[in-house]
Undergrad: 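Please read through the structure below; I'll follow up with questions.
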Amino acid sequence: MTVRVGVIGAGWIGHEHIRRLTHTVTGARVTAVTDIDAARAEEAAAPVGARVYASGAELIASDDVDAVLVTSWGPTHAEHVLTAIAAGKPVFCEKPLATTAEDCVRIVEAETAHGRRLVQVGFMRRYDAGYRQMRQVIASGGIGEPLIVHCAHRNPTVPESYTSAMAALDTAVHEVDVLRWLLDDEIVSTQVLTPRATSKRFAHLKDPQIMLFETAKGVRIDLEVFVNCQYGYDIQCEAVGEEGLVRLPDPATVGVRTAGRHSTEVLTDWVSRFRDAFDTEFREWIAGIAAGDEPTGPSSWDGYAATVITAATVEALESGRVVATDLKPRPAFYGGAA
């Protein structure tokens with residue numbers, strides 16, 4: 001079976017996923033594209049022979065679309081995901097699932113009422129080989145019960161449009177999701193500390209930030225978000241347990257010895273760091289649809305949790321307080337208590 005995919009949003013990430021579905025993932029074909037900018041939609045659709053639609057609703061309703069990929073502007077995500085659920089079509093939504101907790105709840109309720117999982121949220125780190133190995137070690141008891149997790153998320157630079165709140169909403173959101181998954185635990189409180197600011201930042205930006213999370217089981221997580229570190233794109237994660245620790249490996253690079261120095265390359269962007277994870281994410285999504293299975297990746301509930309926790313983290317940054325996340329109880333539909 002070839003899964004016919006309609007893409008809503010033809011910006012950079014939309015173009016990248018169209019390329020991935022066309023040239024990297026087998027069993028998929030992009031048949032439809034729409035964007036608020038009609039010219040941009042035409043530009044994305046033409047190379048793959050896709051039809052351009054005037055709106056997301058028209059694309060979702062098309063008989064030429066088996067599954068929907070949402071890569072549009074964040075505030076439009078909820079509308080498109082809800083329309084896909086109403087049409088009974090699988091939908092992959094790049095993060096965020098929605099920009100408000102209320103819209104996330106609407107999606108959760110609509111999917112629950114449908115009675116079958118249709119939604120997957122684009123948290124690609126769950127598909128990274130290193131993170132998957134870490135989860136296997138933790139789940140198997142290889143380090144005993146987890147106690148502490150140390151993380152860092154560093155970017156070389158960010159544009160002037162990047163705000164202090166985006167450190168949680170756009171950057172730390174990936175750690176929020178992958179840590180909930182790694183630990184099989186829920187984040188119940190959040191706090192943000194602001195150390196001495198780097199002189200390399202724009203004046204309006206609080207950078208770096210140290211985010212402190214606590215889980216329901218009492219695990220303490222510290223996350224350094226430093227988006228003007230200058231030297232590269234650097235993702236670190238180390239879980240400390242009662243009997244050992246497990247550390248996320250750095251990407252494999254050759255070691256060079258020359259002129260009295262031993263050096264290895266540091267990647268400079270997230271695209272290079274997580275390219276394989278993106279590819280695996282879409283291969284598994286397409287294979288599941290072709291087999292008639294429900295998606296097994298990040299769910300609507302995971303999207304809801306990420307939106308609530310990052311919003312609480314922004315509140316913690318602005319207030320200086322420890323903020324409870326106040327997540328609703330997980331429904332049994334998503335693996336919660338009956």
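FYI, side chains are in, hydrogens and waters are out, and symmetry mates aren't considered; it's all heavy atoms of this structure. Starting from 1, each residue takes its place in the sequence as its number. Note that this is a predicted model, so its numbers are computed, not measured.
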Undergrad: Quick check: is V70 connected to V121 through a chain of hydrophobic side chains (ILVMFWY, heavy atoms under 4.5 Å apart)?
TA: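 Linked within one cluster.
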Undergrad: Are I85 and I107 side-chain neighbours, meaning at least one heavy-atom pair lies under 4.5 Å?
TA: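 Side-chain contact under 4.5 Å: yes.
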Undergrad: Quick one: are V65 and V5 in side-chain contact, heavy atoms under 4.5 Å?
TA: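 A side-chain contact under 4.5 Å is absent here.
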Undergrad: Could you give the distance from CD (E94) to CZ (F123), rounded to the nearest 0.5 Å?
TA: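 Answer for the CD-CZ pair, E94 versus F123, is 9.0 Å.
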Undergrad: Kindly indicate whether the side chain of V219, heavy atoms from C-beta on, has any atom under 4.5 Å from the side chain of F213.
TA: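 No - every pair of side-chain heavy atoms lies 4.5 Å or more apart.
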Undergrad: What pairs meet the ring pair (Phe, Tyr, Trp, His ring centres under 6.0 Å) rule with one or both residues in residues 144-195, with sequence neighbours excluded?
TA: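 Listed by first then second residue: H153-Y233.
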Undergrad: Counting distance only, does the side-chain N/O of D37 pair as donor-acceptor with the main-chain N or O of A39 below 3.5 Å?
TA: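 Side chain of D37 to backbone of A39, a donor-acceptor pair under 3.5 Å: yes, one is there.
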Undergrad: Ignoring hydrogens and angles, tell me if any N or O in the side chain of D35 forms a donor-acceptor pair with the backbone of A38 under 3.5 Å.
TA: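 No.
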Undergrad: So which heavy atom on S62 is nearest to which on K89, and how close?
TA: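 That would be O-NZ, 2.7 Å.
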Undergrad: Looking at every heavy atom in both S272 and L267, which two are closest together, and how far apart are they?
TA: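 For S272 versus L267, the nearest heavy atoms are C-CD1, 4.1 Å.
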Undergrad: Is a side-chain N or O of R201 found less than 3.5 angstrom from the main chain of L205, in a donor-acceptor match?
TA: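 Such a contact is found between R201 side chain and L205 backbone.
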Undergrad: May I ask you to decide if V108's main-chain N or O and S300's side chain share a donor-acceptor pair within less than 3.5 Å?
TA: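 Not at all, since once roles are kept as given, no pair shorter than 3.5 Å links the two residues.
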Undergrad: Do T194 and Q209 pair up side chain to side chain, a donor and an acceptor below 3.5 Å, judged on atom types alone?
TA: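 No, no side-chain donor-acceptor pair sits under 3.5 Å.
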Undergrad: Please report the interatomic distance CZ(F92) to CD1(I289), rounded to the nearest 0.5 Å.
TA: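 These two atoms lie 10.0 Å from each other.
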Undergrad: For the side chain of H204 and the backbone of E160, is there at least one donor-acceptor N/O pair under 3.5 Å apart?
TA: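 Yes.
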Undergrad: Rounded to the nearest 0.5 Å, how far apart are CD of E224 and SG of C229?
TA: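 E224 CD to C229 SG: 8.5 Å, rounded to 0.5 Å.
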Undergrad: Give me the atom names and distance for the closest heavy-atom approach of C151 to C237.
TA: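 Heavy-atom minimum between the residues: SG-SG, 3.8 Å.
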Undergrad: Below 4.5 Å, heavy atoms only, C-beta onward: do Y127 and P298 meet side chain to side chain?
TA: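 Result yes, sub-4.5 Å side-chain heavy-atom pair found.
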Undergrad: Starting from M211, can I reach V308 by hopping between I/L/V/M/F/W/Y residues whose side chains sit under 4.5 Å apart?
TA: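 Yes, one cluster joins them.
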Undergrad: Using the rule that two of Ile, Leu, Val, Met, Phe, Trp, Tyr join whenever any of their side-chain heavy atoms come within less than 4.5 Å, decide whether I8 and V119 are in one cluster.
TA: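 In one cluster with I8: V119, yes.
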Undergrad: Tell me, with the steps shown, if V33 and E42 meet side chain to side chain contact (heavy atoms under 4.5 Å, CB included).
TA: CA-CA 8 Å; V33 178; E42 290 282 359; over 6 Å; no
Undergrad: Which pair of heavy atoms, one from R273 and one from D128, lies closest together, and at what distance?
TA: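 Heavy atoms of R273 and D128 come nearest at NH1-OD1, 3.1 Å.
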Undergrad: For R125, is there an ion pair with D177 - N to carboxylate O distance below 4.0 angstrom?
TA: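 R125 and D177: not salt-bridged.
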Undergrad: Where do T31 and D64 come nearest, in terms of heavy atoms and distance?
TA: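 Distance-wise, the nearest heavy atoms are OG1-O, 2.8 Å.
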Undergrad: For the CZ atom on R132, are there more than 12 heavy atoms of other groups (residues, nucleotides or ligands in this structure) within a distance under 6.0 Å?
TA: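 Yes.
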Undergrad: Do you know which of H15, H17, E16 makes side-chain hydrogen bond (donor to acceptor under 3.5 Å, both in side chains) with R19?
TA: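 Option passing the side-chain hydrogen bond (donor to acceptor under 3.5 Å, both in side chains) with R19: E16.
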Undergrad: Take atom CG of D293 as the centre, draw a 6.0 Å sphere, and report whether it contains more than 12 heavy atoms from other residues, nucleotides or ligands.
TA: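 Yes, CG of D293 has more than 12 neighbouring heavy atoms, counting only those of other groups under 6.0 Å.
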Undergrad: Using modelled atom types only, decide if a donor and an acceptor are shared between the side chain of Q191 and the backbone of A316 within a distance under 3.5 Å.
TA: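 Judged by distance alone, no pair lies under 3.5 Å.
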Undergrad: Between the side chains of R117 and Y334, is a donor N or O closer than 3.5 angstrom to an acceptor N or O?
TA: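 Looking only at side-chain atoms, Y334 and R117 do not form any donor-acceptor pair under 3.5 Å.
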Undergrad: Distance from D66 atom CG to R4 atom CZ, nearest 0.5 Å?
TA: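 D66 atom CG to R4 atom CZ measures 4.0 Å (nearest 0.5 Å).
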Undergrad: Under 6.0 Å from the CD atom of E145, do we count more than 12 heavy atoms belonging to anything else shown?
TA: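 For E145, atom CD is not crowded (no more than 12 foreign heavy atoms under 6.0 Å).
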Undergrad: Do K95 side-chain atoms and G303 backbone N/O form a donor-acceptor pair below 3.5 Å?
TA: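 No; zero donor-acceptor contacts below 3.5 Å.
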Undergrad: Closer than 3.5 angstrom, by distance alone: can the side chain of T310 be matched with the main-chain N or O of T307 as a donor-acceptor pair?
TA: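 Confirmed, T310 side chain pairs with T307 backbone.
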Undergrad: Do E315 and R321 meet the salt-bridge criterion of a basic N to acidic O distance under 4.0 Å?
TA: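 Between E315 and R321 there is a salt bridge, with a charged N closer than 4.0 Å to a carboxylate O.
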Undergrad: Before you tell me yes or no, could you show the steps for T190 and V322 under side chain to side chain contact (heavy atoms under 4.5 Å, CB included), namely the whole-Å CA-CA distance, both residues' side-chain angles and the distance that decides it to 0.1 Å?
TA: CA-CA 6 Å; T190 176; V322 177; over 6 Å; no
Undergrad: Begin with the C-alpha distance, continue with both residues' side-chain angles, and end with the deciding distance and a verdict on side chain to side chain contact (heavy atoms under 4.5 Å, CB included) for W12 and V271.
TA: CA-CA 11 Å; W12 183 88; V271 178; 3.4 Å; yes
Undergrad: In Å and rounded to the nearest 0.5 Å, what is the CD to CG distance from E186 to L327?
TA: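 The CD atom of E186 sits 5.0 Å away from the CG atom of L327.
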Undergrad: I need the single residue from V149, V137, V240 that forms a side chain to side chain contact (heavy atoms under 4.5 Å, CB included) with V246. Which is it?
TA: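 Checked V149, V137, V240 against V246; only one passes side chain to side chain contact (heavy atoms under 4.5 Å, CB included): V137.
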Undergrad: For the SG atom of C104 and the CD atom of E109, what is their distance to the nearest 0.5 Å?
TA: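 Rounded to the nearest 0.5 Å, the SG-CD separation comes to 11.5 Å.
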Undergrad: With side chains defined as the heavy atoms from C-beta onward, is the minimum distance between Q236 and D250 less than 4.5 Å?
TA: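 Answer yes - side chains close enough.
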Undergrad: Quick one, E242 and L147 - any side-chain contact, counting heavy atoms below 4.5 Å?
TA: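 Heavy-atom side-chain distance check passes, below 4.5 Å.
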Undergrad: Between E281 and R126, is the salt bridge (Lys or Arg N to Asp or Glu O under 4.0 Å) condition met? List the steps.
TA: CA-CA 8 Å; E281 175 183 48; R126 297 191 188 197; over 6 Å; no
Undergrad: When you compare the side chain of V188 with that of T215, does any pair of heavy atoms fall below 4.5 Å?
TA: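 Counting from C-beta outward, T215 and V188 never come under 4.5 Å.
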Undergrad: Please work out whether the ring planes of F282 and W285 are parallel, tilted or perpendicular, with thresholds of 30° and 60°.
TA: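 Aromatic pair F282/W285 classed perpendicular.
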Undergrad: Verify, without hydrogens or angle tests, whether Y304 (side chain) and K328 (backbone) share a donor-acceptor contact under 3.5 angstrom.
TA: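 Yes, because the side chain of Y304 sits within donor-acceptor range (under 3.5 Å) of the backbone of K328.
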Undergrad: Mind checking whether L21 and I18 have side chains closer than 4.5 Å, heavy atoms only?
TA: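 Contact flag for L21/I18 side chains = no.
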Undergrad: If you count every heavy atom of other residues, nucleotides or ligands that lies below 6.0 Å from L248 atom CG, does the total exceed 12?
TA: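 Buried by this count: over 12 neighbours within 6.0 Å.
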Undergrad: For the side chain of Q230 and the backbone of N228, is there at least one donor-acceptor N/O pair under 3.5 Å apart?
TA: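 Looks like yes, one N/O pair under 3.5 Å.
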Undergrad: Return the minimal non-hydrogen interatomic distance between I309 and R180, and the atom names on each side.
TA: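 It is CD1-CD, 3.8 Å.
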Undergrad: Could you please spell out the steps behind the side chain to side chain contact (heavy atoms under 4.5 Å, CB included) verdict for I138 and D184?
TA: CA-CA 10 Å; I138 293 170; D184 192 22; over 6 Å; no
Undergrad: Is there a path from L59 to L69 through hydrophobic residues (I, L, V, M, F, W, Y) whose side chains come within less than 4.5 Å of each other?
TA: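 L59 and L69: separate clusters.
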Undergrad: Say whether V178 and I187 are linked into one hydrophobic cluster, either directly or through other cluster members, by side-chain heavy-atom distances under 4.5 angstrom.
TA: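 Yes, because V178 and I187 connect within a single hydrophobic cluster, where side-chain heavy atoms sit under 4.5 Å apart.
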